[in-house]
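Computation of the quantities below employed the complete heavy-atom set of this structure, encompassing side-chain atoms and omitting hydrogens, waters and symmetry-equivalent molecules. If you're wondering where the values come from, they're calculated on a predicted model, not measured in any experiment. First listed ligand is number 1; within each ligand, the first listed atom is number 1.
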Amino acid sequence: MKPNPLLGVVLFVATITPLHAEPDPHSYAEPLKVSISALDLDLAVDFSKQELAGQAELSLDWHDTAARTLVLDTRDLHIDAIEAIDARGSAAAVSYTLDANDAILGSALRIEMREASPKLRIRYHTSPKASGLQWMTPQQTASGKHPFMFSQSQAIHARSWIPLQDTPSVRFTYTAHITTAKPLRVVMSADNDVHHVLDGDYRFSMKQPIPSYLLALAVGELDVRETGPRTAVFAEPSLVVKAAKEFEDTEKMIAVTEQLYGPYRWDRYDILVLPASFPFGGMENPRVTFATPTVIAGDKSLVGLIAHELAHSWSGNLVTNANAQHMWLNEGFTTYVENRIIESLYGKDVATMQLVVDDQELLVEMADMKPREQLLVSDLTGIDPDEGLSGVPYDKGRWFLRFLESRYGRADFDPFVRAYFDHFAFKSITTRDFLVYYSANLEKQHPGKVSAAEIDEWLHQPGIPESAPIAHSDRFDAVDKAATDFLAGKLAAKAIPARQWVTSEWLRFINALPAKPDAAQLAALDKAWKLSGTGNAEIAFRWYVATVRAGYTQARPQIAAFIERIGRRKLVVPIYEELAKSEDGKAFAKEVYRKARPGYHPITQASVDKALGL
Ligand code: BES
Ligand code: ZN
């Protein structure tokens, strides 16, 4: 039989490059023609102009020998000059065009090269409104003494501070030279030196290839405390001791994850606590997770977030989804691993309660979603990946993996997941790649345990399949009884047995309140348990939403304080959305937002603008 020549080409491409053939709907880049293999950044951080200025040098791998055009992703970047650098190191100017801005994708930068040069140097500076950077005045920081800036590149904001192929299907190594004003510290998703003198001149190197969304930079008045042999916490000085205490179990978390899924491959795992305007809970930047200060509850009750970001060191940073349509491979696996870490460290009770809450909240969220939005794998062409984010890739993805776990049993499923991480380490993959590997390495050895129709239903049908395992928590039976009795007027607020409740038990209780709670009942709860003003942000935002639904307006001062201080999208957007449902609530929300908006990150501003119809 004659070998199929096409198949030969496909196999050849697959073995020589780690690139994925499936196009990324959120990037203009054409990585199958030419791809970035290394990035060398040299940038000055200018707080007075609110800009990064300098150059990016890109090392190029030319896969298509006829190709001469390099297309890069940019957004609001000012390009000053572009030069090609030949093998002997001589530079020559090249011509380029910058396309008009697309609201979601930014502007394609088309560079016409005379030959397939190994390197390209781009001199550029960023715009003060770069969507991936937040510039903060001294007044917006804890000490009030120095300005602060940080990046958030995921989903597609790296292009607003570096011209590059902004798609997770391309991986590259990087170095950086960053200069800034003297007392400030620079932190990057690279080899941070906890003993670096604060001289304003920093050099970094990231030797493992990473996708663009993991590029990260923060500059500010930052102190550091080591919490273990390979862990440390960076934070503003007034917060660093408290933060180090909250995160003192991090080394234990790394150790239990290594037990389950193999060695941690990124050397150090540090945590950077950002100002409260950080738009996310956490961001898994390699070697240094960026985290919101709202996880510091004082009793370690919210460190599940650290377990989540740490888990990304395997699911995501090591094995990456090739584009946003396969996000469940990243967030679903991570949410699954997060729960396994919590179970190992804090016990089955705590882990199961979290599962039950997450399952229930996913079902509630999905009830208001279009069928298309409920799919684990879907076409996201024309959809902003920030707005397309929901509980589906996280919790439906995690639920799917728990389904597989329940059918195959941990004795076989755990080694499969571990081998999957090894097999695809430092690669970017799609659901198809996962399925091929699954068929050959789990299904084939244990035929008949899971049908193709069941897998198809999980991946390609809306809703949660009948085959979903239902988690049950005995401890919640007591919470449910308390809720029922309290709501029926049979149990006084102060008689609720909540003194020993952990966070999940409070979430279960609040979620048991009716769609329109009784204002007097909420007032009684508040008097007995001081929920308004709680330092636990997960309890707080659910409680505030309930108070708005009930028309319990006495909580408004605490709501105002909460949304003025915090810029984490998940915590504030649901409150604004709920307030926007009534005329009076909307007026109050707009009034508070007027003061809060300048302190919010561009990503949060965009979401709240939308929630309030601005
Ligand atoms: N990588 C995500 C954050 C993200 C996702 C940013 C998509 C931009 C686009 C991070 O790992 C995450 O999921 N953070 C969660 C916390 C987690 C415990 C669910 C968050 O920020 O709320
Ligand atoms: Zn995540």
Using ring pair (Phe, Tyr, Trp, His ring centres under 6.0 Å), reason through Phe416 and Tyr437 one step at a time and then give a plain yes or no. CA-CA 10 Å; Phe416 162 76; Tyr437 186 80; 5.8 Å; yes

Where do Lys570 and Glu538 land on the salt bridge (charged side-chain N to carboxylate O under 4.0 Å, His left out) test, with the steps shown first? CA-CA 10 Å; Lys570 167 188 155 174; Glu538 292 287 335; 2.9 Å; yes

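Looking at His308 and Glu284, their side chains never bring a donor and an acceptor atom within 3.5 Å of each other. For the residue pair His26/Asp73, the side-chain donor-acceptor check at 3.5 Å is not satisfied.
The existence of a salt bridge linking Arg432 and Glu22 is excluded, since no basic side-chain nitrogen approaches an acidic carboxylate oxygen closer than 4.0 Å.
Ligand 1 does not have Tyr213 within reach: every non-hydrogen atom of the residue lies 4.0 Å or more from it.
The ring pair (Phe, Tyr, Trp, His ring centres under 6.0 Å) test with Phe424 singles out one residue from Phe421, Phe426, Tyr420, and that residue is Tyr420.
Among all non-hydrogen protein atoms, the one lying nearest atom 4 (C) of ligand 1 is Gln154 OE1, 3.2 Å.
Counting heavy atoms under 4.0 Å from ligand 1, residue His157 does not touch it at all. Within the 4.0 Å heavy-atom criterion, neither part of Thr292 lies near ligand 1. Contact annotation: for Glu284 versus ligand 1, heavy atoms closer than 4.0 Å belong to the side chain alone.
Taking 2.8 Å as the criterion, Glu331 counts as a coordinating residue of the Zn ion (ligand 2), since one of its N, O or S atoms falls below it.
Between the side chain of Thr126 and the backbone N or O of Leu52 there is at least one donor-acceptor pair closer than 3.5 Å.
For ligand 1, the atoms lying closer than 4.0 Å to a non-hydrogen atom of Glu309 are 10 (C), 11 (O), 12 (C), 14 (N), 16 (C). In the vicinity of Gln152, heavy-atom distances shorter than 4.0 Å reach the ligand 1 atoms 6 (C), 8 (C).
Polar contact check, Gly282 against ligand 1: a nitrogen or oxygen pair lies under 3.5 Å apart.
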